[in-house]
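Quick notes on the structure that follows.
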Amino acid sequence: MSVTGTARAPGYRPRRTLPLRVEARRQLKRRRTLVVAAVLTLLPFVLVAAFAIGGDPSRRGSGRITLMDSATASGANFAATALFVSAGFLLVVPVALFCGDTVASEASWSSLRYLLAAPVPRARLLLSKLTVALLFSAAAMVLLPLVALAVGSAAYGWGALQLPTGGALPAGEAVPRLAVVVGYLFVSQLVTAALAFWLSTVTDAPLGAVGGAVGLTIVGNVLDQVTALGDWRDVLPAHWQYSWADALQPRMEWSGMIQGSAVSVSYALVLVALAFRGFARKDVVS
């Protein structure tokens with residue numbers, strides 16, 4: 001189904017098959033892409049409405065300042081709160097959806113074998129789809145804080161970022177810190193992306209790949225709560241998912257984010273390698 005050997009049609013260039021712009025255009029027109037964008041765009045408005053109905057969250061605090069308590073202090077605080085409430089699950093779903101729906105969706109539509117017969121080399125097909133899926137995942141993670149920052153600034157004003165540990169960061173310094181948070185969130189979700197991508201190459205059911213990735217991510221979160229595991233929790237990606245909070249300190253700490261990134265990238269590399277290896281040997285009939 002893919003071109004092998006030395007005989008090739010005139011003008012055929014494997015690297016020019018399935019260009020990224022073509023795959024990106026296809027994915028951009030998908031209904032699930034529009035739904036994800038709509039949900040992430042609407043979330044900040046829902047939070048503003050919730051705070052308007054429930055009142056100032058800082059007045060109901062127990063003395064210990066949290067991101068939620070200072071959500072209405074400024075646009076930067078509101079953006080940080082939006083990331084806090086969505087990092088554990090909401091941002092996991094788009095990543096699993098974009099990466100788990102890559103190859104499995106083509107198989108479910110019975111179009112995968114025609115792509116390979118085009119001919120698109122298998123490695124090229126996987127690389128194009130994974131690259132576009134990661135780009136869309138990154139866009140989803142950037143969209144939420146951008147909208148939240150704009151909505152929060154309109155609702156609560158443009159001001160300093162009030163830190164949970166005390167003190168504040170000027171607005172000009174808060175934005176780069178939030179960018180670090182988003183960057184770490186993306187890196188920490190690479191393991192979910194790779195897991196969904198690998199499952200997408202071994203099943204013809206997109207929902208199975210997406211649901212499997214989300215389910216195993218939830219299992220990891222549950223296991224991280226089992227303190228009896230002790231130091232074994234350090235090898236769980238979920239153990240480091242909130243290390244981005246170290247960026248919201250008067251003096252930013254990198255150690256937790258570095259360890260979390262190392263764990264996530266290590267798992268991701270193994271899973272992506274399994275996906276490429278398994279798909280290269282797979283008998284594609286759909």
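Position 1 is the first residue of the sequence; numbering continues from there.
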[Y] and [X], any side-chain heavy atoms less than 4.5 Å apart:
| X | Y | answer |
| --- | --- | --- |
| Q241 | D224 | no |
| L43 | L144 | yes |
| V210 | F98 | no |
| L195 | W198 | yes |
| T102 | L130 | no |
| T217 | F89 | no |
| M68 | F51 | yes |
| L223 | R233 | no |

Verdict with reasoning, V95 to M141, per side-chain contact (heavy atoms from CB on, under 4.5 Å): CA-CA 9 Å; V95 174; M141 292 193 176; 3.5 Å; yes

Check whether [X] and [Y] end up in the same hydrophobic cluster, where Ile, Leu, Val, Met, Phe, Trp and Tyr are linked by side-chain heavy atoms less than 4.5 Å apart.
| X | Y | result |
| --- | --- | --- |
| I218 | V226 | no |
| V219 | L236 | yes |
| F45 | V36 | yes |
| L135 | F186 | no |
| F78 | V85 | yes |

Looking at [X] and [Y], what are the two nearest heavy atoms and their distance?
| X | Y | result |
| --- | --- | --- |
| V132 | A24 | CG1-CA, 3.8 Å |
| A140 | L91 | O-CD2, 4.5 Å |
| A148 | A82 | CB-CB, 3.8 Å |
| V263 | W240 | CG2-NE1, 3.9 Å |
| G256 | Y184 | O-OH, 4.2 Å |
| V182 | P145 | CG2-CG, 3.6 Å |

Among L134, V272, L271, L269, side chain to side chain contact (heavy atoms under 4.5 Å, CB included) partner for L190: L134

CA sep, side-chain torsions, deciding dist, call: Y267, V235, side-chain contact (heavy atoms from CB on, under 4.5 Å): CA-CA 10 Å; Y267 279 110; V235 301; 4.1 Å; yes

To the nearest 0.5 Å, tell me how far [X] [atom1] sits from [Y] [atom2].
| X | Y | atom1 | atom2 | value |
| --- | --- | --- | --- | --- |
| L47 | T81 | CG | OG1 | 8.0 Å |
| M252 | W244 | CE | CH2 | 14.0 Å |
| L178 | L83 | CG | CG | 7.0 Å |
| S188 | M257 | OG | CE | 11.0 Å |
| R32 | L97 | CZ | CG | 5.0 Å |
| I258 | D246 | CD1 | CG | 10.5 Å |

Stepwise side-chain contact (heavy atoms from CB on, under 4.5 Å) test for H239 and Q259: CA-CA 10 Å; H239 186 67; Q259 293 181 70; over 6 Å; no

Answer yes or no: is there a donor N or O on one side and an acceptor on the other, between the side chain of [X] and the main chain of [Y], under 3.5 Å?
| X | Y | answer |
| --- | --- | --- |
| R177 | L248 | no |
| T33 | L28 | no |
| S128 | R124 | yes |
| T203 | A209 | no |
| S264 | S261 | no |

Crowding at CZ, F84 (>12 non-hydrogen neighbours, <6.0 Å): no

Over 12 foreign heavy atoms within 6.0 Å of CG, L207: no

Side-chain H-bond candidate by donor/acceptor type, S74 with N77, under 3.5 Å: yes

Geometric class of the F276/F197 ring pair [parallel <30°, tilted 30-60°, perpendicular >60°]: tilted

